[in-house]
Q: 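Okay, here's the structure, questions in a sec.
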Amino acid sequence: MKKKLFSALLAVALLAGCSGSTDGGEATDGGEAAGDVTTYNVGVSIYDFNDNFMTLYRNEIEAYFMTLETDTVKYNVTIVDGKNDMAEQTNQVENFITQDIDVIILNLVQTSSADAVIDKVVAAEIPLVLINREPMGTDGDESYAGILDNPTVCYIGADARQSGTFQGEIVADLPDHGDINGDGKIAYIMIQGDPENVDAQYRTEYSIKALTDAGLNPVNLYGDAAQVGNWKQENGQTITANALAQFGDDLEVVFCNNDAMALGAYAAIEAAGRTVGEDIYLLGVDALAECVEMVNNGTMTGTVLNDHIGQSHTAVDVAVKALNGEPLDNYYWVDYVKVTAE
Ligand code: GAL
């Protein structure tokens, strides 16, 4: 997954893709004329502005670009809302290309459309930094050909297996290991994000794998089925309310693929008169500020820091590298961090 690709060709290809404009002067190839200001046009498309985590992420992209400005280098950052609509996002990318944007940072609506988008951007000789939604390879090869084969395309993200594993470990480390009623089973439900996303797939799989790896006996109250919440708070609430109505006290652990859905789950838990940490456990991912607060006061069992600062800064640093004609790796990884009351 972490194959690196450096080559002289790459530097040439990157330079060809850079066309920062110099006020009052000629367009440059990513350099800057003494005494002049070079302005780089950066195009960013986020899959959906309504997503809590991606809102933190995109605000930090913009803020961090501003900190990198100097007297002679400016970044003109345009951030657009993909509105969870791949056709809309494809239009946005096409507009970036027509506008001669110098680098594109892209949070895909649909990772299955990665190739189509990569082809367009590569053909236009614009460097492409993919973020947060990792396109996956086939046949168990997780590296993605569209990234490996294109030296001006890279992906910045966090390995979702790690976040799932941390969620499971938080439960395994509880004094009762998540088995509140002592029947030798951990009765859980899984509230899943968008099932097309590898984050949702891996968190669903690896949280449970961490429990079985610890020799525990997790049992999904819905059989093998995850309940699809598409990363949304309101869906987390409805799914949890239904599960509490159906399974009552049998439900011991609510795993949510993200914190937004865990916030919804909490509302349902509270409404049902259940108490997190006493008769039910609740897990999320992202470490949204309100959820870290809840972990501290015991109303959430644990979450996992999805480091939007580390990821957004890496994305921007890599975009700047591309603008400077420096070679890129194919993949850049940022670690998750376990968040518990301790
Ligand atoms: C995940 C994050 C979710 C949601 C999703 C969007 O990494 O945990 O909250 O933002 O990305 O793809």
Side-chain angles (χ1 to χ4, degrees), residues 44-61 79 81-86 89 105-114 117 129-136 144 155-167 170 190-207 226-237 239 254-266 282-292 294-295 300 302-312 314-315 331-339:
V44 183
S45 173
I46 299 297
Y47 93 94
D48 188 353
F49 275 12
N50 289 322
D51 183 293
N52 315 27
F53 173 73
M54 286 314 301
T55 298
L56 298 173
Y57 196 132
R58 85 178 132 94
N59 290 340
E60 193 57 33
I61 288 181
I79 307 189
D81 181 1
K83 298 184 186 148
N84 209 14
D85 176 346
M86 194 60 231
Q89 190 173 54
I105 299 180
L106 187 60
N107 174 212
L108 281 166
V109 170
Q110 261 170 17
T111 50
S112 54
S113 300
V117 177
V129 179
L130 297 166
I131 57 168
N132 167 262
R133 294 185 151 193
E134 185 190 354
M136 296 296 276
Y144 189 70
Y155 175 76
I156 282 99
D159 181 349
R161 286 171 290 204
Q162 195 183 34
S163 53
T165 302
F166 285 168
Q167 282 190 307
I170 292 170
M190 180 66 64
I191 307 185
Q192 196 174 32
D194 175 353
E196 203 221 30
N197 292 175
V198 67
D199 284 4
Q201 294 161 15
Y202 275 157
R203 288 176 193 164
T204 297
E205 180 185 348
Y206 280 75
S207 51
Q227 309 300 298
V228 175
N230 279 322
W231 305 120
K232 293 194 170 96
Q233 180 163 344
E234 60 269 27
N235 296 345
Q237 182 164 354
I239 291 167
V254 179
F255 281 106
C256 302
N257 281 174
N258 77 344
D259 278 354
M261 296 189 296
L263 285 170
Y266 181 71
L282 175 62
L283 285 300
V285 175
D286 282 339
L288 299 179
E290 54 268 58
C291 294
V292 172
M294 287 169 70
V295 171
M300 244 177 100
T303 182
V304 179
L305 172 69
N306 192 0
D307 181 5
H308 71 275
I309 305 267
Q311 291 176 71
S312 56
T314 306
Y331 287 91
Y332 296 85
W333 299 107
V334 175
D335 273 331
Y336 284 101
V337 182
K338 236 181 246 184
V339 179

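Along the sequence shown, residues are numbered consecutively beginning with 1. Only heavy atoms go into these numbers, but all of them, side chains included; no hydrogens, no water, no symmetry mates. Just follow the structure's listing: the first ligand is 1, and inside any ligand the first atom is 1.
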Q: Among protein heavy atoms, which sits nearest to atom 1 (C) of ligand 1, and what does the distance come to when rounded to 0.1 Å?
A: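 It is Asp199 OD2, 3.3 Å.
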Q: Quick check on contacts: which atoms of ligand 1 are under 4.0 angstrom from a heavy atom of Phe53?
A: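 Listed by number with element, the hits are 2 (C), 9 (O), 10 (O).
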Q: Please work out whether any backbone atom (N, CA, C, O) or any side-chain heavy atom from C-beta onward of Met261 is under 4.0 Å from ligand 1, and answer side chain, backbone, both or neither.
A: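 It is neither part, as no heavy atom is under 4.0 Å.
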Q: Ser45 and side chain to side chain donor-acceptor pair (under 3.5 Å): which single residue from Gln89, Lys83, Arg58 fits?
A: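 Exactly one pass, corresponding to Gln89.
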Q: Counting heavy atoms only, name the option from Leu288, Asn197, Asp286 that's nearest to atom 8 (O) of ligand 1.
A: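 That would be Asp286.
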Q: Are the side chain of Glu234 and the backbone of Gly264 linked by a donor-acceptor contact shorter than 3.5 Å?
A: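 Not a single qualifying donor-acceptor pair exists.
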Q: Could you tell me if any non-hydrogen atom of Tyr57 lies under 4.0 Å from any atom of ligand 1?
A: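 No.
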Q: Look only at the side chain of Asn230 and the backbone of Lys232, and say whether a donor-acceptor pair between them is shorter than 3.5 Å.
A: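 It does not hold such a pair.
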Q: When you look at Trp231 and Asn197, which way does the side chain to side chain donor-acceptor pair (under 3.5 Å) test go after all the steps?
A: CA-CA 10 Å; Trp231 305 120; Asn197 292 175; 2.9 Å; yes
Q: Among all protein heavy atoms, pick out the one at the shortest distance from atom 11 (O) of ligand 1; state its residue, atom name and that distance to 0.1 Å.
A: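 Residue, atom and distance for the closest contact: Asn132 ND2, 3.0 Å.
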Q: Can you tell me which residue and heavy atom of the protein come closest to atom 12 (O) of ligand 1, and the distance to 0.1 Å?
A: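 Its nearest protein heavy-atom neighbour is Arg133 NE, 2.7 Å.
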Q: Without swapping roles, check the side chain of Asp159 against the backbone of Arg161 for a donor-acceptor pair under 3.5 Å.
A: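 Indeed, once roles are kept as given, a pair shorter than 3.5 Å links the two residues.
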Q: Identify the protein heavy atom lying closest to atom 10 (O) of ligand 1, giving its residue, its atom name and the separation to 0.1 Å.
A: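 The closest one turns out to be Asp51 OD1, 2.8 Å.
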Q: Determine whether the side chains of Asn132 and Gln311 contain a donor N or O and an acceptor N or O closer than 3.5 Å.
A: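 No, because no side-chain N or O of Asn132 sits under 3.5 Å from a partner of the opposite role on Gln311.
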Q: Can you find an N or O of Asn257 that's nearer than 3.5 Å to an N or O of ligand 1?
A: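 There is no such contact.
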Q: Is it the case that the side chain of Gln167 and the backbone of Cys256 share a donor-acceptor pair, with hydrogens and angles ignored and the cut-off at 3.5 Å?
A: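 Answer holds: yes.
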Q: Give the residue and atom name of whichever protein heavy atom lies nearest to atom 5 (C) of ligand 1, and the separation in Å to one decimal.
A: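 Going atom by atom, the protein heavy atom closest to atom 5 (C) of ligand 1 ends up being Trp231 CE2, 3.6 Å.
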